[in-house]
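Comments concern the structure below.
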Protein chains: 2
Amino acid sequence: MGRPPKFGRRDIAGAALRLVAARGPAAATMSAIAQELGAPTGSIYHRFASRELLLAELWMEVVESFQGELATSLAEARDIDGAARAVRRMLGWVRAHPIEARLLLLHRREDFVPGDWPDALVERAAALEPQMGSALRRFCKRALGDAGEPSLARARFALLDAPIGGVKRYVQAGKQPPPMLDELLERTLRAVLGPAQRGAR
Amino acid sequence: MGRPPKFGRRDIAGAALRLVAARGPAAATMSAIAQELGAPTGSIYHRFASRELLLAELWMEVVESFQGELATSLAEARDIDGAARAVRRMLGWVRAHPIEARLLLLHRREDFVPGDWPDALVERAAALEPQMGSALRRFCKRALGDAGEPSLARARFALLDAPIGGVKRYVQAGKQPPPMLDELLERTLRAVLGPAQRGAR
DNA sequence: GTCGTTCTAGAATACATATTCTAATACGAC
DNA sequence: GTCGTATTAGAATATGTATTCTAGAACGAC
């Protein structure tokens, strides 16, 4: 019953994603999204109560995809080699999702959701922080035998900050991260998390 | 002659900087800046022709400060130890300029200057890219004996991307980067740029 | 003191954007 | 075919922001 939808949530979110990737969140105005989609602005409001909700959901989906994969592969990592695999998989995600990577790595949450999360998403948002945090903590305990703050900080740097910092340049340039980056990040990982002086034979 | 100024360019830029650091570039509206300063909006236009010009100049100044210091200390680096010193100095800059660091590291140029640079600043802007680029290239030649793209990519990662990625977390949190970060970044540097298997000994 | 000039003050304007509203449509159920 | 309804369509509205404009104020020169 009722007229069949011509523009679904998926389509709308997709149009917004393309705009964000190409010209940043500020460019994703309701009229720009509508135009990108060939729809009137009114139709968008049949699917999303507000622009904020639309962008918030878009952001959330991308973060969940990225972080979900990373947390999963980190949960499987039982040692440094496993961690190296997790980093490689993160790069794999970026290579496989260049558009989403631009949204995620080139912009901040605040540019999508200024202030607090809309009520409809607080629960999903609340699940995000602990997921990554506990994945890291467990990994530290398991692979390094210690989940104290110093170890945690090391792991955060080697598994998150350095990889993200390293890959951002390529995402920004619209290029695929080169294979060499995998190697650089693995070296970094071993230098930071590896046994202190294993090199001495 | 003429009425003495009550609000100078310096004051205005300072107010804008505080707003950007605290709530992002979008929050630095002309009225917000005026309010932060206790001035009417009109006065701002006596100093800056437009909001775009104001923000562009602010951004430019911070980038010049940051990059100038980095390029200088990189120019002095004659080997890996020198590079490590340069990285430490970069962290020093961040520690000494926490507000400016927030502007620089937490936001993108596009959030300040959408599109091309205003005419008044194209020259200054044009000088920025080559400065860093040639500093890196010279360093590679001098310290690594090779300025090919692979070496350059390594140096960019070890000297720019990894440090920036690592420090951003603390800047975001409004905290000083801990001393441990210096150590992590130095390890990274040596792992990425150092002689391949020096460890065997 | 008067004049010329540089500035403060803040109201008025122009414009862009999110959101709402009213009407028209296209389909399934009957 | 008629009815009910979810949807398209796009004009109308409300709000926020950059910018401009008009007065008036404060100083130095003379």
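Small disclaimer: the values here were computed from a predicted structure and weren't measured.
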Is the number of heavy atoms from other residues, nucleotides or ligands under 6.0 Å of [X] [atom1] greater than 12?
{"X": "A/Glu149", "atom1": "CD", "result": "yes"}
{"X": "B/Arg23", "atom1": "CZ", "result": "no"}
{"X": "A/Gln172", "atom1": "CD", "result": "yes"}

- Item | A/Arg9 to A/Phe48 six-membered ring, cation-pi geometry met (6.0 Å, 45°) | yes
- Query: Does A/Ser43 have a side-chain nitrogen or oxygen under 4.0 Å from the phosphate oxygens OP1 or OP2 of D/dT8?
  - Reply: yes
- Is B/Lys6 near enough to D/dA25 that one of its side-chain N or O atoms lies under 4.0 angstrom from OP1 or OP2? no
Atom-pair distance ([atom1] on [X]; [atom2] on [N]), nearest Å:
{"X": "A/Leu54", "N": "C/dT17", "atom1": "CG", "atom2": "P", "answer": "16 Å"}
{"X": "B/Ile33", "N": "C/dA9", "atom1": "CD1", "atom2": "P", "answer": "17 Å"}
{"X": "A/Phe7", "N": "D/dT8", "atom1": "CZ", "atom2": "C1'", "answer": "7 Å"}
{"X": "B/Phe48", "N": "C/dC7", "atom1": "CZ", "atom2": "C1'", "answer": "15 Å"}
{"X": "B/Ile44", "N": "C/dA9", "atom1": "CD1", "atom2": "C1'", "answer": "13 Å"}
{"X": "A/Gln35", "N": "D/dA9", "atom1": "CD", "atom2": "P", "answer": "14 Å"}
{"X": "B/His46", "N": "D/dG24", "atom1": "NE2", "atom2": "P", "answer": "16 Å"}
{"X": "A/Arg47", "N": "D/dT8", "atom1": "CZ", "atom2": "C1'", "answer": "10 Å"}

- Message: Measuring from the side chain of A/Pro4 (C-beta onward, heavy atoms only), which nucleotide among D/dT8, C/dA18, C/dC27 has the closest atom?
- Response: C/dC27
- Message: What I want to find out is whether A/Glu183 reaches B/Arg154 closely enough, with some N-O distance under 4.0 Å, to be called a salt bridge.
- Response: yes
- Quick one: the side chain of A/Arg3 and the base of C/dT25, do they pair up donor-acceptor inside 3.5 Å? yes
Side chains of residues 135-147 of chain A: which donor-acceptor partners sit under 3.5 Å, not counting sequence neighbours?
residue	atom	partner	partner atom	Å
A/Arg142	NE	A/Ala77	O	3.2
A/Arg142	NH1	A/Ala75	O	3.3
A/Arg142	NH2	A/Leu74	O	3.3
A/Arg142	NH2	A/Ala77	O	3.0
A/Asp146	OD1	A/Gly148	N	2.7
A/Asp146	OD2	A/Ser151	OG	2.5

Look for any protein N or O under 3.5 Å of an N or O in nucleotides 19-21 of chain C and output each such pair with its distance, or none.
residue	atom	partner	partner atom	Å
C/dT19	OP2	A/Tyr45	OH	3.0
C/dT19	OP2	A/Arg51	N	2.9
C/dT19	O5'	A/Tyr45	OH	3.4

Just list the side-chain donor-acceptor pairs under 3.5 Å for residues 84-96 of chain B, sequence neighbours left out, or say none.
residue	atom	partner	partner atom	Å
B/Trp93	NE1	B/Ser65	OG	2.8
B/Arg95	NE	B/Pro177	O	3.0
B/Arg95	NH2	B/Pro177	O	3.0
B/Arg95	NH2	B/Pro178	O	3.3
B/Arg95	NH2	B/Asp182	OD1	2.7

